[in-house]
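Remarks on the structure that follows.
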Amino acid sequence: MRRLFAVCQKELQAYLWTPTTYFALAVYMLLTGLLFYTNFVMYQPSILDYRLVLGDTLSMLVFVVPLLTMRLVAEEFRQGTDELLLTSPVSVTEIMIGKFLASLGMLLILVLCSLAYPVVMSFYGSLDWTLVFTSVIGLFMLGAAMMAIGLFASTLSQHQMMSAVVSFILLLVFWMLDSFGGQTGASAALQQWLEPFSLTARFDSFTKGLLNGADVMYYVTVAALFLLFSIQVVERKRWR
Amino acid sequence: MKKWLGHTNSMVLSIAAVGIFILLTLFLRSLGGFQLDLTAGKQYTLSDQTLTTIQGVKENVRLIAFTVSTSQNQKLNRDVTDMLNEYAKRNNKLKVEQYDLNQEPILAKQYGITAASIVLVQGEKKRVIDIGSLFTQAQGSSEGAYQFTGEEKLTSGLLALSSTRQGKVVFLTGHEEIPLSQMTELSSSLAQDNVKAEEVQLNQAGSVPKDASVLAIVGPERDISVTELKSIRTYLNDGGKLFMALGFHPNMGSSWKNLDALAADYGVKDTHAIVVDQEQTNTLGPLWTVPTFGSHAITDKLAPSNLYPVLSLSIALQAGEQKDWKTTLLLKSSAASYGEMNIQGLLNNETQKDDKDPQGPLDLGYAVEGKDGKPKAVILGTSALLSDTEISTGGNRDFVLNSLNYVQEHSDGLTIRPRQEQDFKVAYLTAAQAKTVLAISVVGLPLLFAVVGILLWWRRRSA
């Protein structure tokens, strides 16, 4: 466990001392800020409901998460430090969980930054803080699942850009699973099959003030699944 | 060999993990309502009746919402779709579809929809619920508050889809009763339960239709004739059921001989005294009363939810001994009330208790059942609560629907309490406030991170 936290600490420091992290956060805050401004201010009277703002800003995660996760493992491969890691006493599982926990640390910063919007809204009237609270939990869980997907994408290549592109595509597919298919016939049946696996469809209940067991477990299992995939991909290096 | 084993292990583990993930996701989703509702009014916690109804759906049902999107009704549309999704979560036979009515006019036409509605489709059967009817103004609440009766209507709709039963409530006309055109909310609530409502004028029809499950006499102002009384008695003696709601009329004491005789057939005496209640009343005055309930299947589910009817100009009734029928008290006024016998005085606004006036509590309604325990009649000393103007007040609608369900021997009548909702809270921002929001959210925060990023980059470059 101590080795796991050492990896986590090292990765977190790497995050905090990398300019890319802050540029990614700046891009995220700029885009979500613009969406927030458009939703909250451009149409008067302003509606004091965090759910209306969050819905639009959420999609920005698809762009930001790949930027935050692309270097996690790809950079090790590129610099050749993966050899050192794989031959060290730290197990691959510990390394990957440590990196994942570090990415969750970054996610926490991002979620806390997003809280700026409800705080700004609260200056102009009373806000339902229960909904904000459950929405923030939902945002963190959704982000955690996405970070795990990003981590997995990062294990697939030594090129950070390639990892980011793969991560973006994977996230986009999971994001839009409930949009594939139509309303009738076979395509409706396909949609019904895919919809439970969509990242976005699971988020709604959090914004309504609900903590739905199935939704919470979905995000946890997605994160666990991609963490396992990541471990398996890195383990393969041992057998090469 | 070792390399091959390693790859195989990895592959098997990954495939097993994917399988577990898929099965777990589908299994947990099938549990549906496994959730913690943290909203203030437990807005997403469905009633036991609804949950039983949802679990009872065995065939695929499409829940199609045709909404009209305007800035004013965003919140209302959201209430509707949220509710539909809560239902769909609990049974995968229920599928939600949402369309904008203005963008899908052809599809809407297929279902005969011209206003925002929910259409429930099960095979060839369909039910239409008008979305406008789901929302009513909340009384005595803060500005922007409203009541949402979506759960009751949708659950009724689902029950009606799967139900094979049919009913017909025939409303007597010809004596200045409250016409069906003024009881449209009641008719639509009955229709959701596959119960038709139609009017009959006995002078024309000659007899009460044989397929009528109930004969309803609501607020007659003139007495029925001897011939009509005979027809009604024939219908009732042949197994028909009676729902009688008497309303105030100045000449009721002298001219309601046949109506009184009909009530007396079931051991109920009309005292012709108007209830004046200074205690259990609302702000409208002493001629309004909020009665308490007697213990009966009609009222037992209402009392725990505080769904008490609000009655106006009620007539006090009395139950006498009757060998063939058992009468059970449904409603009574407070002990502080009395029955005003001086109707002329009442009309001249002179309401004062004297020796002739009976002291409260006064009985206002009874359920009547035969020796076999089967429902026969509900007789009320009040009628205005069925009209469109009063049916939404207090627990009026629940009480009336429960009464009609009881008398028709429909034991699954719904009494789901409407949800109290709050519209969006809004704020009008000044130009200066808008600039502040812009400065914080679009300029300040992104710039902060960008500056930190640039500083780090600069430091690395110069290191």
Side-chain angles (χ1 to χ4, degrees), chain A residues 17-23 25-27 29-30 32-34 36-37 40-41 43-49 52 113 116-117 120 123-128 130-131 133-134 183 188 192 196-197 204-205 208-215 217-218 221-222 224-225 228-229 232 235-236 238-240, chain B residues 2-4 6-7 10-11 13-14 17-18 20-22 24-26 28-32 34-40 43-44 71 74-75 78 82 85 89 92 95 97 424-429 433-434 436-438 440-443 445-457 460:
Chain A
W17 291 106
T18 309
T20 320
T21 304
Y22 294 94
F23 291 131
L25 283 174
V27 169
M29 292 309 287
L30 178 69
T32 54
L34 276 169
F36 168 66
Y37 182 76
F40 186 62
V41 179
Y43 304 103
Q44 286 296 309
S46 301
I47 296 173
L48 295 162
D49 189 330
L52 296 176
C113 290
Y117 306 127
V120 169
F123 294 156
Y124 305 103
S126 65
L127 211 59
D128 189 335
T130 307
L131 297 191
F133 170 68
T134 53
Q183 301 273 17
Q192 280 161 24
F197 302 99
D204 279 355
S205 58
K208 290 194 282 188
L210 295 172
L211 294 182
N212 185 289
D215 297 341
M217 281 307 291
Y218 168 77
T221 48
V222 168
L225 184 73
L228 181 84
F229 285 166
Q232 294 306 310
E235 279 282 8
R236 276 185 65 189
R238 277 192 198 277
W239 307 110
R240 270 188 197 160
Chain B
K2 203 174 171 186
K3 185 178 168 185
W4 182 84
H7 283 312
S10 173
M11 192 61 78
L13 189 64
S14 299
V18 171
I20 291 167
F21 165 67
I22 291 172
L24 189 68
T25 302
L26 294 175
L28 288 173
R29 190 179 165 85
S30 71
L31 293 180
F34 170 47
Q35 67 185 14
L36 192 62
D37 184 352
L38 298 176
T39 54
Q43 284 174 38
Y44 302 100
S71 55
Q74 274 188 80
K75 174 74 169 68
R78 202 169 84 181
D82 280 352
N85 288 327
K89 246 189 225 176
N92 58 15
K95 312 282 184 238
E97 296 167 38
F424 284 134
K425 285 179 186 147
V426 293
Y428 292 87
L429 302 192
Q433 287 171 326
T436 310
V437 175
L438 182 76
I440 294 172
S441 58
V442 184
V443 184
L445 289 169
L447 197 64
L448 185 73
F449 288 109
V451 167
V452 176
I454 290 166
L455 285 175
L456 274 178
W457 172 76
R460 283 191 162 201

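Only a predicted model underlies this, so the values are computations on that prediction, with no experimental measurement involved. Letters go in sequence order (proteins before strands), and every chain restarts at 1.
For chain A, the nearby parts of B:Ile22 are the backbone and the side chain; heavy atoms of each come within less than 4.5 Å. For chain B, the nearby parts of A:Ser126 are the backbone and the side chain; heavy atoms of each come within less than 4.5 Å. Looking at A:Val222, the atoms closer than 4.5 Å to chain B (heavy atoms on both sides) sit in the backbone and in the side chain alike. The part of A:Leu228 that comes within reach of chain B is its side chain, from C-beta onward, which places non-hydrogen atoms under 4.5 angstrom from that chain. Within the 4.5 angstrom heavy-atom criterion, no atom of A:Thr21 approaches chain B. The part of B:Gln74 that comes within reach of chain A is its side chain, from C-beta onward, which places non-hydrogen atoms under 4.5 angstrom from that chain. Both the backbone and the side chain of B:Leu13 come within contact range of chain A, with heavy atoms under 4.5 Å apart. Heavy atoms of A:Thr221 lying under 4.5 Å from chain B belong to its backbone as well as its side chain. Both the backbone and the side chain of B:Leu429 come within contact range of chain A, each with at least one heavy atom under 4.5 Å from a heavy atom of that chain. Of the two parts of B:Leu26, only the side chain, counted from C-beta on, holds a non-hydrogen atom closer than 4.5 Å to a non-hydrogen atom of chain A. Residue B:Val443 does not touch chain A at all, counting heavy-atom pairs closer than 4.5 Å.
In summary, B:Arg78 and A:Asp49 engage in a salt bridge, as defined by a charged side-chain N under 4.0 Å from a carboxylate O.
Residue B:Leu438 holds its CG atom at 13.0 Å from CZ of A:Phe40, rounded to the nearest 0.5 Å. With rounding to the nearest 0.5 Å, the separation of CZ in A:Phe23 from CD1 in B:Ile454 is 5.0 Å. If you take CG on A:Asn212 and NZ on B:Lys89, they are separated by 4.5 Å, rounding to the nearest 0.5 Å. Taking OG of A:Ser205 as the start and CG of B:Asp37 as the end, the distance is 11.0 Å to the nearest 0.5 Å. B:Leu38 CG to A:Phe133 CZ: the interatomic distance, rounded to the nearest 0.5 Å, is 7.5 Å. With rounding to the nearest 0.5 Å, the separation of CG in A:Asp204 from CG in B:Asp82 is 7.5 Å.
Taking every heavy atom of both residues into account, B:Ser441 and A:Tyr117 meet most closely at CB-CE2, 3.9 Å. Here the closest heavy-atom approach between residue A:Leu30 and residue B:Val442 is recorded as CD1-O, 3.4 Å. A pairwise comparison of heavy atoms in B:Pro446 and A:Ala26 identifies O-CB, 3.4 Å as the closest pair. The two residues B:Thr25 and A:Pro196 make their nearest non-hydrogen contact at CG2-O, 3.6 Å.
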*Can you list the steps and then say if B:Leu24 with A:Met217 is a side-chain contact (heavy atoms from CB on, under 4.5 Å)?*
CA-CA 9 Å; B:Leu24 189 68; A:Met217 281 307 291; 4.2 Å; yes

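Checking side-chain atoms of B:Arg460 against main-chain N and O of A:Pro19 turns up no donor-acceptor pair under 3.5 Å.
Note on B:Phe449, B:Trp457, B:Tyr428: by heavy-atom pairs under 4.5 Å with chain A, the leading option is B:Phe449.
A:Phe197 meets the ring-ring contact (aromatic ring centres under 6.0 Å, His included) test with B:Phe21; sequence neighbours excluded. Under the side-chain hydrogen bond (donor to acceptor under 3.5 Å, both in side chains) criterion, A:Tyr124 pairs with no residue, sequence neighbours left out.
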